[in-house]
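Structure first, then comments.
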Protein chains: 2
Amino acid sequence: MNEQPRPTRRNEIRAQNETLILRAAEKVFAEAGFGGATMQLIADMAGLPKANLHYYFPTKESLYRRVVQDIFEIWLQAAAAMDDAPGPVEGIGAYIDAKMEISRRHPDGSKVWASEVMHGAPVIQDYLETTLRDWTRGRAALIQRWIDEGRMAPVDPNHLLYMLWATTQHYADFGHQIETLNGGRALSDRQWQAAKESVKQIILRGIGAL
Amino acid sequence: MNEQPRPTRRNEIRAQNETLILRAAEKVFAEAGFGGATMQLIADMAGLPKANLHYYFPTKESLYRRVVQDIFEIWLQAAAAMDDAPGPVEGIGAYIDAKMEISRRHPDGSKVWASEVMHGAPVIQDYLETTLRDWTRGRAALIQRWIDEGRMAPVDPNHLLYMLWATTQHYADFGHQIETLNGGRALSDRQWQAAKESVKQIILRGIGAL
DNA sequence: CTTCAACCTGACCATACGGTCAGGAAAAGA
DNA sequence: TCTTTTCCTGACCGTATGGTCAGGTTGAAG
């Protein structure tokens, strides 16, 4: 899957405009939610006429769906960090690092996902029931294996996973609140590093892996 | 403040209708977001004509603001659990218990708050900058005191607070996802208990308080 | 009973939204 | 060059939304 189309001028334009639209859409959906976002606003932000958006994405929902799928793909890739690790310290540590990095680089995507789930996942329910459920089962089993091997304390793997998602995504989804509490300034490099370390330290010690 | 008006028939009706509207509004705002919610839908859910809503709440935004304020009040009250505690185990443990209980009892309010913050807190920015900031400073100082007294490991108090918020509110905001991963069934009493215990155990051990 | 203020609501309005479409411009292929 | 396909867009449309208002009803006060 995902074979690249021949790089002709046509395909180049298409790819470029799709990217332009998706970037703008991610931002607008994140800032206003699905209901509050308007195609006109997305069009303006992308610098294209509204009718052109409907040429590439027939409906608002189809555009939205793509935005949600994209962030989900990014998260799935980050999960690989956990797989080929010798133990919980490396595996979960790397997973936290990866998810925190995503929260920093793709805060808008994270917010769109959060919004979607909060509203009952009307357009990606199938993902939750298939891909996400399978992924979760696999990692829960991996964690259970670590527990059985005595490499960490016996904690419920599912609740541990929820905690990992919650803490890391919080820095994206509630970034505005954190920024406000930080004196109105975005977290600096140093502060992001400290956040990562804090999260890793508390969780890894919390599961008895340190 | 907050003195009760004399309980005449008039005031009774007013109080009753306001509650009816606020309850419906909380649900609709949580399910559809501010932009997606419609006054008509809220009216239908409350069993009142739309024009009647505008009698009690002049604009959609004023109604929304009340909903957000209400959940914030509830959270502030829960925070008291942390104050008069001898140490981190009791204080933070009680705070987690209280916040988890709120996530269970008021999931819609939590979602509305999350939405509001995610979208840049357009209507409650002043709360973040005053009440929340003050509250946060106070608790961070309390945690720092516990650290200085050697009752817990030296962790950044702010990041610990973020983690507490993230993990507890996750069970409300991402309740739908958790439910889906739980086989489509809402968490049972037993499972909620297990969730509470898991969160408390990992965090309290994570901060070296156990 | 009378008066007055609070409460209620069907009908209405201006606006903004998602989406359509006809027709033109530009690139690709023959 | 000629033809075909893809790309582009201003103008338009039906609908739904937040909000208004005139006029009626109900409860309280004297």
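Sequence lines set the chain letters: A, B, ... in the order given, protein chains first and strands last, and positions in each chain run from 1. This structure is a prediction, so every number in the text was calculated from the model and none was measured.
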Any side-chain N or O of [X] below 4.0 angstrom from OP1/OP2 of [N]?
X	N	answer
N11(B)	dA28(D)	no
R14(A)	dT6(D)	no
Y55(B)	dC7(C)	yes

If I take atom [atom1] in residue [X] and atom [atom2] in nucleotide [N], what distance separates them, rounded to the nearest angstrom?
X	N	atom1	atom2	answer
L20(B)	dC8(C)	CG	P	11 Å
L53(A)	dT20(C)	CG	P	13 Å
K60(B)	dA16(C)	NZ	P	15 Å
Q16(B)	dC7(C)	CD	P	13 Å
H54(B)	dA11(C)	NE2	P	18 Å
F57(B)	dC7(C)	CZ	P	12 Å
E61(A)	dG19(C)	CD	C1'	14 Å
E18(A)	dT6(D)	CD	P	15 Å

Next on the checklist: Could you check whether R105(B) pairs with E101(B) (Lys NZ or Arg NE/NH1/NH2 to Asp/Glu carboxylate O, under 4.0 Å)?
Outcome noted: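 E101(B) and R105(B): salt-bridged.
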
Checklist entry - Do the charged groups of D44(A) and K50(A) touch, with an N to O distance under 4.0 Å? => result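 Salt bridge flag = no for K50(A) with D44(A).
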
Checklist entry - Any side-chain heavy atom of Q169(B) within less than 4.5 Å of one from F174(A)? => result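 They are in side-chain contact.
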
Next on the checklist: Between I42(A) and K27(A), is there a side-chain heavy-atom distance shorter than 4.5 Å?
Outcome noted: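 No. Closest side-chain heavy atoms not under 4.5 Å.
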
Next on the checklist: Evaluate Q177(A) against Y162(B) for side-chain hydrogen bond (donor to acceptor under 3.5 Å, both in side chains), listing each step before the verdict.
Outcome noted: CA-CA 10 Å; Q177(A) 180 172 293; Y162(B) 300 158; over 6 Å; no

Working to the nearest 0.5 Å, report the span between [atom1] of [X] and [atom2] of [Y].
X	Y	atom1	atom2	answer
Y127(A)	W113(A)	OH	CH2	9.0 Å
Q144(B)	L160(B)	CD	CG	11.0 Å
L22(B)	N17(B)	CG	CG	10.5 Å

Checklist entry - Just wondering, more than 12 heavy atoms not from R23(B) lying within 6.0 Å of its CZ? => result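 At most 12 heavy atoms, drawn from other residues, nucleotides or ligands, come within 6.0 Å of this atom.
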
Any N/O pairs under 3.5 Å between the protein and nucleotides 22-26 of chain C? List them or say none.
| unit_1 | atom_1 | unit_2 | atom_2 | d |
| --- | --- | --- | --- | --- |
| dA26(C) | N3 | R10(A) | NH2 | 3.2 |

Checklist entry - For DNA chain D, whose closest nucleotide is more 5', that of I13(B) or that of P58(B)? => result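 Final value for this comparison: P58(B).
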
Checklist entry - Base, sugar-phosphate alone, or nothing: which one does Y56(B) contact when heavy atoms must sit under 4.0 Å apart? => result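 Sugar-phosphate contact only.
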
Next on the checklist: Heavy atoms within less than 4.0 Å of DNA chain C: which residues of residues 34-52 of chain B have one? Give them sorted by number.
Outcome noted: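 Heavy-atom cutoff 4.0 Å gives P49(B), A51(B), N52(B).
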
Checklist entry - By side-chain hydrogen bond (donor to acceptor under 3.5 Å, both in side chains), which residues pair with Q77(A), not counting sequence neighbours? => result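 By the side-chain hydrogen bond (donor to acceptor under 3.5 Å, both in side chains) rule, Q77(A) matches no residue at all.
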
Next on the checklist: Taking side-chain hydrogen bond (donor to acceptor under 3.5 Å, both in side chains) as the definition, give me every residue that meets it alongside T180(B), ordered by chain and number, with sequence neighbours left out.
Outcome noted: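 Partners of T180(B) under the side-chain hydrogen bond (donor to acceptor under 3.5 Å, both in side chains) test: Q125(A).
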
Item to check | Partner set under side-chain contact (heavy atoms from CB on, under 4.5 Å) for D156(A), not counting sequence neighbours | outcome: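 Listed in chain order: N158(A), H159(A), S198(B).
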
Checklist entry - Over its full length, what angle do the end axes of the helix from dC1(C)-dG30(D) to dA30(C)-dT1(D) make, each axis taken from five pairs and the result rounded to 10 degrees? => result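 Answer rounded to 10°: the end axes differ by 20°.
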
